[in-house]
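Being a predicted model, the structure only gives us computed values, none of them experimental. Keep in mind that the numbers below use all heavy atoms, side chains included, and drop hydrogens, waters and symmetry copies. Proteins get letters first, then strands, A, B, ... in listed order; numbering begins at 1 in each.
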Amino acid sequence: MTEADGTTGSDAPTTTGDAGGLPADEVELLEAFERLAPAGSFRWGFDDAMRRLSSPDERGTWVEPWDGLPADLWDRGRGAKASERMLGDVIAVLAQELTEYSQRIVDDVRRTVPTDTAVFDALRYLAARVERLEAAADPLGIRPADLALPAPDASAWVEALPAWLGAVDGRPVVVGELGDRSVLEAVVGTGADVDAVDPRAALSWTVRDAAPGRPGQVRATVGDVVEHLAGLPAGSRSAVVLSGCVDRSSLDGKATLVTAAARALESGGALVLLVTDQAAWDADLEPPVRDLLPGRPFHADTWAVVLAHLGLEDPEVHLAERGSVHAVVARRPR
Amino acid sequence: MTGPAPAGGGGAGGGRLPGIHLFVPMLHRRDAVGEHTRVLRGLLVAAGVPSTIYTELPDPDTVDETRPFRDYEHDAVAGDVLVYQVATRSDMTRWLAKRPEPVVLNYHSLTPAVFFAPWNNGIARMQEAAARDLADLAPRCALGIGVSDFDVAELRAAGCPSTRVVPVVNVPLPPVEPDPAALAALARRTAAGGPWWLSVGRLAPNKAHQETIAALFVARATTAPDAHLTIVGGPTEPHYAAALRRYAADLGLSGAVEFTTRLSPGELAARYATADVLVMLSEHEGFGVPLVEAMSQGLPVVAYDAGAVAEIVGDAGVLLDRKGPRAVAAAVAALLDDPDRRHALVAAGRARLGALGLEHAGSDLVRALREVAAGA
């Protein structure tokens, strides 16, 4: 059975509000909820306002706020790192604020000044500044995670790895990026409690396959390795094993990464870097991938210098006898 | 290649039987699409049809049940049929469009982006992209299966050349027994005052839970000062979910509106068993599983006539063509004040379940898929 709007009670007011015919007090009640929405749907609001500002034909009326969404924005945002997303959100809120204030200004000006070109020029200038800020945060919209980057094959070192890690049975060990899974399996084999960190969402499948039947031994974190390491208590991990991220990071990124790893190590704890040979990197990667990544691998000897500079003891360089991944091992002083 | 061995045994496609494999962006528990997919796979396997669930992303809760969808490229067997559970945007859509196997769209309704636009541009963009992807894939699908006429109309509009209606297969029949402990606790609570309204559905803007809260506010101010509302649902959109709590608090309803989620089937059944009415004011429903759950648990329904709601409820509930807070409160009060009408609706609801064909939905769906496989 279908019922029409039953506004027939004795308490129903006679005045009506919106086009739907709801009484004004009901409209007010529902609008109280709409005011709890966040600072608006930021991008379309901004883009739409700017489009109207730059199109003389549309200055006379405010168009409906919903006008579709830029097709590529979702794709651009998917692989963004948390820090970049946060920056994007801040910019978006700024843009929305700017748009809202601009609307108020233009409304006021329209009421009082017949010719408002100067106002629009000023707003366009502000818009351009914001767009430049957005572009600085995301110049190309291409993320490392979107590139076809093969996982380093570190399987040559799985037999040596337990000795480098030392007695870690039941101790916490970080494996930063899981590559071809062989390193994770080797660390799992030591009996360590493993923090497995990888930006790829498929991490859960990798962990499942690397540690079958041992639930709880491996804790999976989908995310940025350096952010994960930076969030760990100092001296809380018995070993850290890094691959992948050590190769493609920028110089700043490399420094931040190994500094965070060294900080997380307990006294005597081992830092193991599995680094791709530069010649293999150049030969194996497609040119666009090579060009668009923020960095390229250090030589293993360079890593030894960096680790010593950070105060880690006796860096050892193990050059690959097979495969294209070298190993660099150092320890935090006791 | 990762994950459990593909259904059908053997390896790398060699020696395996053709199957009907299910593709879903993520497989979640306690989620309508996820449970539908898991039940469907069980039905296929029980019917002797090899079936594996492939996903774009793993959910840690179900990772042991799924494989990465690109692994299917290694698992493919001539004669396979691929069934895509359409509910949101996924990279799988474009990949499926290029596969040579017959693709069946099992459509669960795409929530239009406009509902999310004021709350979350990311989700809004995703829904827009999903609609575009559906329009790309639909014209080449072998069959489009909607869970309601409403959904099938959307499939046809997207370009599906062949369509069929088969209801959801994850509604437990007979209904789940209420959890005794939860039932006892809720019974004590409802005995202390009422009536208790129930609203079940994700905390997503298209569900319009705020309008139920507003109606409760009016009811408490007029006819039912002790009325309470339980909203069962996880937060799809965090800002919206937070705003609902804030709205209830701003209206002085913090003690009258309960938000809860992650209930077991028995705990959810206890909510239905102890509530006085299900209020559903959703703006966009492709099926409305809570409507069916309410009817099967003997709970009368007051719902807004949108999407597939009228198609599912029929004459077994109070349907509103407008839903101002005062109208909703009045409709609920009128229903609760009329025991004969309430009993008539409950009886009509139980009869309605049979008319929906839910008992045969599983076998109907498997038969439809096998017909596609036979023609492959």
Side-chain angles (χ1 to χ4, degrees), chain A residues 1-13 17 20-23 25-27 29-30 32-45 65-78 85 89 92 181 200-210 212 215 220 222, chain B residues 2-4 56-60 63-64 66-68 89 113-114 116-122 124-126 128-129 132 205 210-211 213-214 217-218 221-223 239-240 242-244 246-247 250-251 302 305 310 315 317-331 333-334 345:
Chain A
M1 63 192 70
T2 300
E3 296 189 349
D5 191 336
T7 55
T8 55
S10 59
D11 58 330
L22 284 182
D25 58 350
E26 294 190 50
V27 172
L29 179 60
L30 295 173
F33 180 76
E34 292 169 11
R35 285 197 290 273
L36 298 176
S41 36
F42 46 82
R43 286 196 188 272
W44 62 253
W66 176 255
D67 192 28
L69 297 162
D72 65 327
L73 287 177
W74 167 246
D75 292 328
R76 288 172 55 194
R78 293 190 74 200
R85 285 199 299 270
D89 287 347
R181 210 174 70 207
R200 296 170 302 169
L203 173 67
S204 296
W205 279 311
T206 308
V207 167
R208 175 192 66 185
D209 297 338
V222 176
Chain B
T2 61
E56 179 182 354
L57 298 172
D59 178 331
V63 67
D64 290 336
T66 64
R67 292 164 56 77
R89 194 261 174 192
V114 67
F116 289 102
W119 298 93
N120 188 318
N121 272 318
R125 286 195 291 274
M126 186 170 67
E128 279 230 323
R132 284 196 301 272
Q210 75 277 9
E211 299 191 20
I213 294 172
F217 174 78
V218 171
T222 55
T223 59
H239 292 112
Y240 178 75
L244 287 174
R246 171 75 184 276
Y247 187 50
D250 287 353
L251 295 178
V302 173
D305 183 3
D315 285 333
V318 177
L319 292 183
L320 305 173
D321 60 4
R322 298 169 65 193
K323 56 172 178 173
R326 200 174 265 108
V328 175
L345 284 180

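Here the CG atom belonging to Leu29(A) is positioned 11.0 Å from the CG atom belonging to Asp250(B), to the nearest 0.5 angstrom. Here the CG-OH distance, from Leu30(A) to Tyr247(B), works out to 5.0 Å after rounding to the nearest 0.5 Å.
In this view, Pro58(B) and Ser204(A), Trp205(A), Val63(B) satisfy the side-chain contact (heavy atoms from CB on, under 4.5 Å) rule, not counting sequence neighbours. Applying the ring pair (Phe, Tyr, Trp, His ring centres under 6.0 Å) rule to Phe217(B) yields no partners; only residues at least two apart in sequence or on another chain are considered.
Minimum interatomic distance between Glu26(A) and Gly324(B) (heavy atoms only, all atoms of both residues): OE1-C, 3.2 Å.
Between Tyr240(B) and Phe33(A), the two ring planes are perpendicular [angle over 60°; tilted spans 30° to 60°].
Between Arg326(B) and Asp25(A) the shortest side-chain heavy-atom distance falls below 4.5 Å.
For chain A, the nearby part of Leu251(B) is the side chain; its heavy atoms alone come within less than 4.5 Å. With a 4.5 Å cut-off on non-hydrogen atoms, Asp59(B) does not touch chain A at all.
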